[in-house]
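All ligand and atom numbering here is 1-based and tracks the order in the structure.
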Amino acid sequence: MNNKNIMFNNKINYKNLAKQDKEIMDMVKRETIRQAEGMELIASENYVSKAVLEAMATVLTNKYSEGYPGHRYYGGNQIVDEVEIIAIERAKKLFQAEHVNVQPLSGSPANAAVYMAFLKPGDKVLGLKLDHGGHLSHGHPVNFSGMLYNFIQYEVDPVSGRIDMEKVKKIALKEKPKMIVAGYSAYSREIEWQKFKDIADEINAFTFADIAHTAGLIAAGEMNSPVLFFDVVSTTTHKTLRGPRGAIIMCKEKFAKQIDRAIFPGMQGGPHEHIITAKAVAFKEALQPEFKQYAKQVIINAKIMAEEFIKFGYQVISNGTDNHLMVVNMANKGLSGRDCEQILDKINISVSRSTIPNDPNPPINPSGVRFGTPAITTRGLKQKEVKKIVAWINTAIEHKNEIKVLNKIKKQVKEMCLKF
Ligand code: DSN
């Protein structure tokens with residue numbers, strides 16, 4: 001496939017950009033080619049459809065619409081109101097949510113709004129530690145969450161790599177946090193939402209689920225949902241959900257006002273209505289039967305990937321996966337996560353370094369790598385290709401200093417990419 005065809009296949013008309021700003025057009029072209037010729041195994045990335053891409057590039061970007069449908073602080077919002085209402089209705093249907101705010105700009109700002117809606121600075125919150133699979137915004141000391149709130153952190157069990165609900169309960173009963181956070185960035189197992197809810201009820205704590213990673217799998221009914229019984233749930237829209245870069249917050253109707261006020265005027269100004277338009281398009285896509293098939297295949301591919309890594313002697317945290325990702329400890333291969341990320345870059349495979357539970361190394365050069373299947377599954381790759389990819393990764397790692405071997409694999413990776 002030549003460059004022209006890649007651009008043609010995207011069916012986006014870049015005519016004006018190409019004419020007016022050659023420098024930027026060149027970068028867009030090169031990134032388009034990089035994405036077409038590279039294998040994306042970063043667990044939080046995906047490819048949006050052409051319809052989502054087109055929706056982002058609409059004139060709705062020109063509009064200021066602070067406030068909510070029917071209650072805006074600017075005129076001319078009649079059509080924007082229609083767009084936002086349809087986005088809300090589709091999200092409600094997709095997740096069976098009582099109330100949805102579709103304005104959050106991204107995951108961390110959404111989480112900031114959730115905390116603002118339910119907590120006062122200094123309040124105690126229970127969240128999973130970052131190196132155990134949690135997210136920065138779940139209480140890490142360098143993040144606003146850890147600075148503003150008094151986060152107590154739970155961990156995964158060092159042997160099973162899974163969350164031990166008895167330990168969570170013990171900490172919760174002792175510390176009595178005002179809120180318990182569940183839902184993670186680098187945790188590969190089902191989450192026992194009901195048990196979290198039961199623990200929270202014992203101490204009268206709010207329940208907050210951050211399902212940014214698994215939202216698409218939950219929407220498709222392939223993983224358990226916390227939406228029906230948790231107080232509040234946030235998710236980004238661009239990972240397994242395959243929408244534009246952004247977020248939403250879902251909550252029980254009784255918390256609707258406080259969530260909406262926390263987003264605007266609490267945290268944000270004008271919402272990005274062109275992105276809300278694209279969120280609506282993505283929600284419609286996720287409501288189709290094909291999306292259920294997609295989510296199913298994401299999990300099948302991840303399970304096969306984990307099995308193959310284990311066959312090659314890799315240490316997969318928790319020994320497998322229930323979702324779209326896995327964290328692999330590279331220590332027994334004599335590599336750090338960063339080393340591995342750099343080796344795989346040489347064969348056109350993108351991954352992200354990751355901490356492992358109780359990592360002796362710092363996050364900039366941690367012991368593990370996180371692998372995920374959402375993007376390759378969108379491309380149409382299945383079990384057969386996943387097995388090939390893991391074999392290539394293993395060969396590249398075993399022959400990391402042999403440029404001929406790496407170049408040969410790179411060629412094979414590129415060929416597979418251009419076929420899908
Ligand atoms: N940066 C995202 C991830 O890769 O998991 C989470 O915000």
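For Y64 and Y73, the gap between ring centers reaches or exceeds 6.0 Å. Ring centroids of W193 and F229 are separated by 6.0 Å or more, keeping the two rings apart. The aromatic ring centres of F255 and F118 sit less than 6.0 Å apart.
Ranking the protein heavy atoms by distance from atom 7 (O) of ligand 1 puts H135 NE2, 2.9 Å first. Of the protein's non-hydrogen atoms, H213 NE2, 2.7 Å is the one closest to atom 5 (O) of ligand 1. Given atom 2 (C) of ligand 1, the protein heavy atom at minimum distance is K239 CE, 3.9 Å.
In summary, of the residues considered (D210, I163, I211, V156), a side-chain contact (heavy atoms from CB on, under 4.5 Å) with Y184 occurs for I163 alone.
Residue contact annotation: R370 has a non-hydrogen atom under 4.0 Å from ligand 1.
When S44, G133, A212, S354 are checked for heavy-atom proximity to atom 3 (C) of ligand 1, S44 turns out nearest.
With no hydrogens or angles considered, no side-chain donor-acceptor pair links Y294 and T377 at under 3.5 Å.
Residue contacts with ligand 1 for H238 are absent, since no atom lies close enough (heavy atoms, distance under 4.0 Å).
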